[in-house]
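Some notes on the structure that comes next.
Chain naming here is simple, since letters A, B, ... match the order of the sequence lines and numbering starts at 1 in each. Keep in mind it's a predicted model, so treat the numbers as computed, not measured.
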Amino acid sequence: MKFTKSYGPEEFEPQIYREWEESGAFLPKKQAIQSCEDETDGSYSIVMPPPNANGNLHIGHGLTIAIEDSLARYYRLRGRSTWYIPGADHAGFETWVVYERALEKEGHSRFEYSRDELYARVWDFVEQQRGNMELQVRALGASCAWTDLTFTLDENVVSRVYQTFERMWNDGMIYRGEKLVNFCPKHQTAFADIEVDYREEKAPLYYIKYGPFTLATTRPETKFGDTAVAVNPNDERYQEWVGKTITVEGVNGPFEVEVIADEMVDMEFGTGVVKITPAHDFNDWEVGQRHNLRVVQVIDEEGKMTEAAGRFAGMPVQEARKAVVKAMKEMGMIVKIDENYVTKVPHCYKCGAVIEPMLKEQWFIDVKRLAREAIKHLDDNEIKFYPSSKKRVLIEYLKNLKDWNISRQIPWGIPIPMFRKTALASSSASSSSLDALLSRRMSNTSPSATPDSLNKLEDQRRFCEQEHAPDAPEWIFDTRTNLPEIEVGGVKYVRDEDTFDTWFSSSQWPMVCTDYLEGRENAYYPLNVMETGADILFAWVARMIMMGVYTTGEVPFREVYLHGLVLDAHGKKMSKSKGNVVNPIELVTKYGSDAFRLGILRGRSAGMNQAFSENSVVAGRNLCNKLWNISRFIQGMVDESKSGSVEAMEIAQAEMKAEIVNEGQVRAGAELPYSTDNMGEDWICRQLTACKEKLEDDFANYRFAEAVERVTATIWDEYADWFIESQKIYKNIPLLKVTLEMILKILHPFAPFVTEAIWRSLSWTDGLLMMQKWPPRLKFDPISAENFDNLVAVVVEARRVLNELSVASKGKRYGLLYGDDALVDDNGLLVASLAKVPSIASCEGQPKGLRLAVANHEVYLDVPQEVVTKHREVLEERILAVGRELDALNLRMTNPNYVDKAPAKLVQQTRDGIKEKEELIARLRKELEVI
RNA sequence: GGUUCCUUAGCUCAGUUGGCUAGAGCGUACGAUUCACAUUCGUAAGGUCAUUGGUUCGAGCCCAAUAGGAACCACCA
């Protein structure tokens, strides 16, 4: 294939990806056969946090995939049987919101359909939308095993979830509880605490008359649900009232409440008196539990006032608040209003509606045991965290974890496999009345649910149970969730209509993806690493650890790498409303997949929220093009050498050996088919080997910022700028080939497409680059490599001085002269070429011009005497500068503690430095004298 | 209110167990150019590493305090 003048990613990416995928290179088993000889043999497993199956990727996905795929490709090159497992999320609530909106647009409502109908409809809806996400993951180059893609509603996921749920149910860790839950009136579902979005808002704080007290509240409309008034037990102002029942004037007439004492009350806030509304406030609920208070529901599931609000019944909460305040004002019950009070109001994280705490029966997981076990494994350091600080944060979270509400009232999800005994089997009057009572209670249309009425309900149920199936349990576990009703042992049960919280199934992701089976050996579980966003440490990582430990007895992954948020170019959070959202796929289209990956990884470190701008993608694109042109140039040299060169035979032999290497049959450390013939070649072998080894360390420690910077610098600043330049003078075709292959391999994890595109365009390579072996160390002569360092120093100094003279000399070009200097004598042509000077010659014992300030080398720039004289000042300045450095070193040596305590190597280095600087100064002085 | 993190060049960020002259990309200035690459090459300018104190032979890094910023958790009615 011919190399075009610049690299065009769009010409290669789709085709290369297809070939990778079709070759089976993404599948772990295929790789294992080819790389069985590598010393780092073993398996490597990593899962992709499943993106929304019917959504589009955002910048965070771009970062996740760039990180994960770099890891996967690196370990694959290292010879590990690598399994990068992709996933797709049914995204329960997100998808449901989108679907419900679509339904509403068509003029329908969810209440027109049964749950099964809705489930089927959403399934079709998702099916239609699906595929975009997967195409985008491909565009980013993810080397994941597509045939193993797991969708969060797949059969194996559901069966694992049911298995776990059943075990927990049998272990008594699951209970049905009536508790206050966060409830979105718009979406009619409960939320976990972590799904609630608190926003700071101004809310007037009303000081109202309340019997003998004045108290402050932001929610006067809940007054109808007040069943007590509380003060702090230590508050002397109100001691006399504690335990007494007071009469309170209300907008619907007077009512009586008890005065209680509870530690929860902050004496400093407001007047130190709090009205207690157990049905609509979490704190009040807890107070109510402690003091056995009645629970009166005044807000229903649609966010409207219930019958308990009397003439305000049916009003939406906001409206009712205004109406109640107005009525209170008229009755003179409002003492004052603090309009500037700011509080945090809970909102639905999706639709923004105000969340109402609501009394609901839900399924809960008792998390005590789960959390305790998880903490034990964390304390034993079984999981390594990047950044390490997150481990402590996680343990702290687990210590304070509250019971986990796993029920959601949306149809799009995994049905909860629980069935409730029903008395509907017969047509008896008592059972239908129970049903009515039950359904009324479930939907909370009853004005109040006091302990009294609950007890009545219990009594009635017991009565029915005795009649119909006295010994049958109220709830049974059964996986036949496709049926709305089942019969077990002659007793009828109806399905619970709720679905699982997404995190309940996601928490089992590592087991599900790796096909974990109890008692069976599994090389891929635990995962080697869990890579995800730091923002879901609690929601996901914590739960995976708890559930993994519970089910398998071991942690689900060995390491956790958490990435931070990708912020916009100015460090601001990206959001649709700000309009600063960056679409990763647009960048891929514009600059190529590799450019995007290099750009987003540049300067990225664990756990940090970091800014991202298109500039870094441009830099990535430039690197790809640079590498392309390096390859084009080398291919050109290879082609040239083939046509009629005298060394054709020699090269052909070397190539035969090279091919053997390419087939991956040579063990690491075996002879590579090259020899180094000059110091530039030894030098590049040293530099590439060092780079490769540092990269290995970077990967082991997830230092992506440094890895990208290092490999870029090695390819550009060392390989291209010095080695390739030097090869314009001395061509070593076998070494050019070996080293080019090496840089392709070390860049491949980050920039898979361009490296693969080059690999296939080169005349001597074959197969897929992604299936090659990570390069071994290169052999080199260290003394020779060091000589090249010296030569570089001479060239850099020559360039610097030439540049300084460039304005004055107006385009005049000067040659170089050298004295007693073997290095320069032997490499004159190379020095002249690198320094871009027209000539270089021995000064024949007659030094003239401007001597370059390089230690141990005698090289002159052949400039006229007047230029030298002009340069006198520069020389003097330089003597002073070196003198300052020398003083600093000397000062260090005069400190006896330094000589005693610092490592000997360091002290020796200082001594050498002093010697070198002294010599330099002496020489510069001499030069000054000559002038 | 609690926890964690951040403060390094004009901008965005690296900087490993403390070690000599603190790096990169972009930007800026000057220069180059048929001969792989203008998506190029060369050179340079730009930093009291937030502040103050401490530990140490030695601190951007460790400790303490202060100032500013961010994220997460909790939710004061």
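Closest to the side chain of Arg632(A), out of rC5(B), rC37(B), rA70(B), is rC37(B). Each of rA24(B), rC37(B), rG19(B) was ranked by its minimum atom distance to the side chain of Arg602(A); first place goes to rA24(B). Nearest to the side-chain atoms of Lys573(A) among the listed nucleotides rA71(B), rA74(B), rU4(B) stands rA71(B). If you check rA71(B), rC30(B), rA36(B) against the side chain of Asn609(A), the one that comes closest is rA71(B). Of the candidates rG42(B), rA36(B), rU39(B), rG42(B) carries the atom nearest the Asp721(A) side chain, counting heavy atoms from C-beta on. Here the side chain of Asp697(A) is nearest to one of rA36(B), rU16(B), rU39(B), namely rU16(B). In the set rC72(B), rG19(B), rA24(B), rG19(B) carries the atom at the smallest distance from any side-chain atom of Leu906(A). Closest to the side chain of Arg799(A), from the set rU43(B), rC26(B), rU21(B), is rU43(B). Here the nucleotide nearest the side chain of Arg703(A), chosen from rA71(B), rA36(B), rU16(B), is rU16(B). For Ala611(A), the listed nucleotide lying nearest its side chain is rC13(B); candidates were rA36(B), rC13(B), rG19(B).
Of the options Phe12(A), Phe633(A), Phe753(A), a ring pair (Phe, Tyr, Trp, His ring centres under 6.0 Å) to Trp628(A) is made by Phe12(A) and by none of the others.
Contact annotation for Asp266(A): base contact, defined as any heavy-atom pair under 4.0 Å involving a base atom. Among the protein residues, Glu614(A) comes within range of no part of the nucleic acid, since none of its heavy atoms lies under 4.0 Å from any strand. Using a 4.0 Å heavy-atom distance criterion, Phe538(A) is classed as a sugar-phosphate-only contact. Heavy atoms of Ala705(A) sit under 4.0 angstrom from primed sugar atoms or phosphate atoms, though from no base atom. Within 4.0 Å (heavy atoms only), Pro903(A) reaches at least one base atom of the nucleic acid. Using a 4.0 Å heavy-atom criterion, one finds that Ser631(A) contacts no nucleic acid atom at all. Within the 4.0 angstrom heavy-atom criterion, only backbone atoms of the sugar-phosphate kind lie near Thr218(A); the bases stay farther away. Across all strands shown, Lys5(A) has heavy atoms under 4.0 Å from sugar-phosphate atoms exclusively, and none from any base. No engagement by Thr277(A) is indicated, since no non-hydrogen atom pair under 4.0 Å with the nucleic acid exists. Among the protein residues, Lys694(A) comes within range of no part of the nucleic acid, since none of its heavy atoms lies under 4.0 Å from any strand. Heavy atoms of Thr217(A) sit under 4.0 angstrom from primed sugar atoms or phosphate atoms, though from no base atom. Within the nucleic acid shown, Arg800(A) comes within 4.0 Å of sugar-phosphate atoms alone, with no base atom in reach, counting heavy atoms only. Within 4.0 Å (heavy atoms only), Lys905(A) reaches no atom of the nucleic acid at all. Using a 4.0 Å heavy-atom criterion, one finds that Glu709(A) contacts the sugar-phosphate atoms exclusively.
Aromatic ring centres of Phe750(A) and Phe699(A) lie closer together than 6.0 Å.
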- Task: Kindly indicate, with the supporting measurements, whether the criterion ring pair (Phe, Tyr, Trp, His ring centres under 6.0 Å) is fulfilled by Phe213(A) and Tyr238(A).
- Result: CA-CA 9 Å; Phe213(A) 312 115; Tyr238(A) 307 113; 5.5 Å; yes

- Decide side-chain contact (heavy atoms from CB on, under 4.5 Å) for Ser605(A) and Phe704(A); before the verdict, give the C-alpha distance in whole Å, the side-chain angles of both, and the deciding distance to 0.1 Å. CA-CA 7 Å; Ser605(A) 58; Phe704(A) 297 103; over 6 Å; no

- Item | Stepwise side-chain contact (heavy atoms from CB on, under 4.5 Å) check, His563(A) with Met608(A) | CA-CA 7 Å; His563(A) 61 254; Met608(A) 295 283 297; over 6 Å; no

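As the counterpart of rU39(B), no nucleotide is assigned, since no Watson-Crick or G-U wobble pattern has both distances under 3.5 Å. Under the Watson-Crick or G-U wobble criterion, with both distances below 3.5 Å, rU28(B) is paired with rA44(B). Applying the Watson-Crick and G-U wobble criteria (two distances, each under 3.5 Å), rG58(B) pairs with nothing in any strand. Under the Watson-Crick or G-U wobble criterion, with both distances below 3.5 Å, rU16(B) has no partner in any strand shown. Under the Watson-Crick and G-U wobble criteria, each requiring two contacts below 3.5 Å, nucleotide rU66(B) is paired to rA50(B). Judged by Watson-Crick or G-U wobble contacts below 3.5 Å, the nucleotide rG1(B) has rC73(B) as its partner. Nucleotide rU21(B) forms a pair with no other nucleotide shown, judged by Watson-Crick or G-U wobble geometry with both contacts under 3.5 Å.
Where Ala216(A) and Asn615(A) meet RNA chain B, the nucleotide closest to each residue was compared, and Asn615(A) sits on the side nearer the 5' end. Of the two residues contacting RNA chain B, namely Leu623(A) and Gly272(A), the nearest-nucleotide position lying further toward the 5' end is that of Leu623(A).
Put simply, CG on Leu886(A) is 13 Å from P on rU21(B), counting in whole angstrom units. One atom, CG of Asn629(A), and another, P of rU40(B), lie 10 Å apart when rounded to the nearest Å. Put simply, CG on Asp197(A) is 14 Å from C1' on rC73(B), counting in whole angstrom units. Per the geometry, CD1 belonging to Ile729(A) stands 12 Å off P belonging to rA36(B), to the nearest Å. Rounded to whole Å, the distance from NZ on Lys836(A) to C1' on rC35(B) is 12 Å. To the nearest angstrom, C1' of rC37(B) lies 17 Å from CZ of Phe723(A). In this structure, Lys391(A) places its NZ atom 19 Å from C1' of rC72(B), rounding to the nearest Å. One atom, CG of Asn803(A), and another, C1' of rA45(B), lie 12 Å apart when rounded to the nearest Å.
In this model, a side-chain donor or acceptor of Glu725(A) finds a partner on the base of rA36(B) within 3.5 Å.
Going from the P atom of rC30(B) to that of rA67(B) covers 45 Å, rounded to whole Å. Straight-line distance between the P atoms of rA70(B) and rC13(B): roughly 14 Å, to the nearest whole Å. Rounded to whole Å, the separation between the C1' atoms of rC35(B) and rU43(B) comes to 23 Å. Rounded to a whole angstrom, the distance from the C1' atom of rG46(B) to that of rA29(B) is 11 Å. A distance of about 33 Å separates the C1' atoms of rG1(B) and rG60(B), rounded to the whole Å. For rU55(B) and rA64(B), the C1' atoms lie 11 Å apart once the distance is rounded to whole Å.
Two residues are said to be in side-chain contact when any heavy atoms from C-beta on lie closer than 4.5 Å; Leu562(A) and Val541(A) meet this criterion. Residues Lys391(A) and Leu394(A) are not in side-chain contact: their nearest non-hydrogen atoms beyond the backbone lie 4.5 Å or more apart.
For Glu268(A), the CD atom counts as loosely surrounded, since its 6.0 Å shell holds 12 or fewer non-hydrogen atoms of other residues, nucleotides or ligands. A 6.0 Å sphere centred on NZ of Lys384(A) holds no more than 12 heavy atoms belonging to other residues, nucleotides or ligands.
Taking the ring centre of Trp285(A) as origin, the terminal cationic atom of Arg290(A) falls outside the region bounded by 6.0 Å and 45° from the ring axis.
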